[in-house]
There are 2 protein chains.
Amino acid sequence: MLLKIDTAGSRPTDGHLAELAGERVCWSEFKYRRGTELFGEGEEADYVYEIISGAVRTYKLLSDGRRQINSFHLPGDVFGIENRAIHRFSAEAVVATKVRIAKRRSLLERMQCEKAGATSVLDFVTQNLHHAENHMLLLGRKTALERVAAFLLEIDERLAHPNVMDLPMNRRDIADYLGLTLETVSRALSTLRDDEMLRFEGTTHRQLVLLDRKRLAAQDV
Amino acid sequence: MLLKIDTAGSRPTDGHLAELAGERVCWSEFKYRRGTELFGEGEEADYVYEIISGAVRTYKLLSDGRRQINSFHLPGDVFGIENRAIHRFSAEAVVATKVRIAKRRSLLERMQCEKAGATSVLDFVTQNLHHAENHMLLLGRKTALERVAAFLLEIDERLAHPNVMDLPMNRRDIADYLGLTLETVSRALSTLRDDEMLRFEGTTHRQLVLLDRKRLAAQDV
DNA sequence: CGCGGAGTTGATGATCTTCAAACATGGTGG
DNA sequence: CCACCATGTTTGAAGATCATCAACTCCGCG
């Protein structure tokens, strides 16, 4: 929360890469070290972010420190588009992360002028809402095992079903995403391993191989 | 899910719906009996709804019947605006409910043509997202008592702090909204009553009086 | 080498769920 | 008008799931 933004190595570019917004939104690149804050809840929403590499968690806190992670953002994801001028949650780099940043106002203005642009911002927010609705179902009504299975399948999907899945986040992050404790997440993963639905690759237990996506999906409901 | 839409007492207006993307968005009124379905998950999203009286729950189901209610809609609320053509959840009347309905396409087209309109659809979806983010925090990280207190304050707020709060929904609905069981909700309400934060009015236990909103807010965190 | 961060696993315990029973309410039909 | 029944609510007792507390391992790194 109190960490400073780490702009070491920032490298403004002459961004043509705004597929989302049409032509002339100017993007620049920034790097964040592991654990540093991109923005905090309540801060002004000045920028829109696109992840180049790494991973970002967005979350809310209760006053006593309990944390709920809304979502993980992986390379290719765009986030930070807020309709209001104030961020409703905080964002931190899960690992060393490189992002492209654009001024939010200029982007939104451009997008709202054009009909196609307006649709795509709306699409974007709608996608977030869709994800949130599914996640409410998970948080409100699924068991620990179902949650962890759903998490694995979600990440697997977003990484395009790699042979070896490389988790950028630790067990506590996963737990705070799934509304569990890190021990429960660890136990669920061990159970899935014992049931031969996954296997750990290497020593770190951050790389894993999904052995049976069908049965994993059946854990979920 | 399998309930038929109840159009008893529907009052089809004389063909105004046939007006296409004309100048007026044409609303017509419908009534739904308690428990009837306005639309189901996966159905085409043809209409936008505004509640005149009554209440609506929107929810998702797991295959074994577990239910998560996303939100309750009360008089004045507009819902059913979906960016995609398919509803992502079901909607049912909690009690006898009167709504105004407009063709979704004509409405969206109108709203997207005008800059102000585009902003207001976006605002609308953003508000839903905001609510969903807060609700994920509740579902993932709050205790039963905190959830119930938060629920009471939310309804209180949306009813503009009435002296006597009239709950349209039963304990099971509340439970499925808060990710609890109906018994746990009942117990939490009894606890809050015993601690003199609320009082039941009348006999039904659906009307209640918040006696100390400050302390209720402190239950929440 | 020692240290800290991360993960696993075990024992215990708290919270919430499940199962069950009792009671109130409101509507319906005899 | 009352009996009757479905629906809704509360409360109790027992049980399951998950959280908490704690110990231990493994790894990377100064």
Side-chain angles (χ1 to χ4, degrees), chain A residues 33-35 62 64-68 94-96 138-149 151-152 166-195 198-208 219, chain B residues 33-35 55 57 62 64-68 92-96 138-149 151-152 166-195 198-208 219:
Chain A
R33 278 200 300 252
R34 190 170 69 111
L62 293 176
D64 62 358
R66 280 175 284 174
R67 182 179 67 161
Q68 178 62 41
V94 172
V95 291
L138 178 147
L139 293 171
R141 286 299 177 222
K142 291 189 182 176
T143 66
L145 203 61
E146 289 167 353
R147 295 182 201 201
V148 171
F151 168 76
L152 293 173
D166 229 310
L167 293 178
M169 69 290 285
N170 64 22
R171 299 294 190 256
R172 173 171 293 282
D173 286 335
I174 299 174
D176 285 350
Y177 180 58
L178 299 178
L180 301 168
T181 60
L182 65 92
E183 293 95 333
T184 299
V185 170
S186 179
R187 277 185 248 269
L189 288 171
S190 298
T191 299
L192 293 173
R193 179 202 52 197
D194 294 347
D195 291 352
L198 61 84
R199 170 163 62 78
F200 292 113
E201 188 79 14
T203 57
T204 79
H205 287 204
R206 291 273 190 108
Q207 299 181 297
L208 35 93
Q219 297 303 306
Chain B
R33 278 202 297 251
R34 189 171 69 113
R57 56 182 173 247
L62 294 176
D64 62 359
R66 280 174 285 173
R67 182 179 68 161
Q68 178 62 42
E92 286 175 357
V94 172
V95 290
L138 179 147
L139 293 170
R141 286 298 177 223
K142 291 188 183 176
T143 67
L145 204 60
E146 289 166 354
R147 295 182 201 202
V148 172
F151 167 77
L152 293 173
D166 229 310
L167 293 178
M169 68 292 283
N170 63 24
R171 301 295 191 254
R172 173 171 294 281
D173 286 334
I174 299 174
D176 285 350
Y177 179 59
L178 299 179
L180 301 169
T181 60
L182 66 92
E183 294 94 334
T184 300
V185 171
S186 178
R187 278 184 248 268
L189 288 172
S190 297
T191 300
L192 294 173
R193 180 203 51 197
D194 295 347
D195 291 353
L198 61 85
R199 170 163 63 76
F200 292 114
E201 189 79 12
T203 57
T204 80
H205 287 203
R206 291 272 189 108
Q207 299 180 298
L208 35 92
Q219 296 304 307

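Chain letters run A, B, ... following the sequence lines, proteins first and then strands; every chain starts at 1.
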Heavy atoms, side chains only, cut-off 4.5 Å: are Glu201(A) and Arg199(A) in contact?
-> yes

So, is Ser190(A) near the phosphate of dT9(C), with a side-chain N or O under 4.0 Å from OP1 or OP2?
-> yes

Roughly, in whole Å, what's the span from CZ in Arg66(B) to C1' in dT17(D)?
-> 13 Å

Which whole-number value in Å describes the distance from Asn170(B) CG to dT25(C) P?
-> 17 Å

Do the side chain of Arg172(B) and the base of dT10(D) come within less than 3.5 angstrom through a donor-acceptor pair of N or O atoms?
-> no

If you find the nucleotide of DNA chain D closest to Ala144(A) and the one closest to Thr203(A), which residue's nucleotide is nearer the 5' end?
-> Ala144(A)

Euclidean distance, atom CD of residue Glu183(A) to atom P of dG13(C) [Å, nearest integer] = 17 Å

Of Arg147(B), Arg57(B), Arg67(B), which meets salt bridge (Lys or Arg N to Asp or Glu O under 4.0 Å) against Asp176(B)?
-> Arg67(B)

Does Arg187(A) get its side chain close enough to the base of dG7(C), under 3.5 Å, for a donor-acceptor pair?
-> no

Would you classify Leu182(A) as touching base, sugar-phosphate or nothing, given that sugar-phosphate means primed atoms plus P, OP1 and OP2, and contacts are heavy atoms under 4.0 Å?
-> base

For atom CZ of Arg172(B), decide whether the heavy atoms of other residues, nucleotides or ligands shown that lie under 6.0 angstrom number more than 12.
-> no

Separation of dG7(C) P from Arg171(A) CZ (nearest whole Å) | 5 Å

His205(B) vs Leu189(B) side-chain heavy atoms within contact, under 4.5 Å = no

Compare side-chain N and O positions of His205(B) against OP1 and OP2 of dG8(D) and report whether any pair is under 4.0 Å apart.
-> no

Taking for each residue the nucleotide of DNA chain C with the nearest heavy atom, is it Thr181(B) or Thr204(A) whose nucleotide lies nearer the 5' end?
-> Thr204(A)

Could you tell me the separation between the CG atom of Asp173(B) and the P atom of dT7(D), rounded to a whole number of Å?
-> 14 Å

Taking every non-hydrogen atom, the tightest pair across Val94(A) and Arg34(A) = O-CG, 3.2 Å

Between dT17(C) (C1') and Asp176(B) (CG): distance, integer Å | 13 Å

For dT15(C), does either OP1 or OP2 sit under 4.0 Å from a side-chain N or O belonging to Thr184(B)?
-> no

Under 4.0 angstrom, heavy atoms only, what part of the nucleic acid is Arg34(B) near: base, sugar-phosphate, or nothing?
-> sugar-phosphate

Spacing between Leu180(A) atom CG and dC16(C) atom C1', to the nearest angstrom | 15 Å

Checking only heavy atoms, does the side chain of Arg193(A) share a donor-acceptor pair with the base of dT9(C) at less than 3.5 Å?
-> no

For Gly202(A), which contact category applies under a 4.0 Å heavy-atom criterion: base, sugar-phosphate, or nothing?
-> nothing

Is the distance from OP1 or OP2 of dT9(D) to the nearest side-chain N or O of Arg206(B) less than 4.0 Å?
-> yes

note: Leu189(A), atom CG; dG7(C), atom P; distance rounded to Å ~ 10 Å

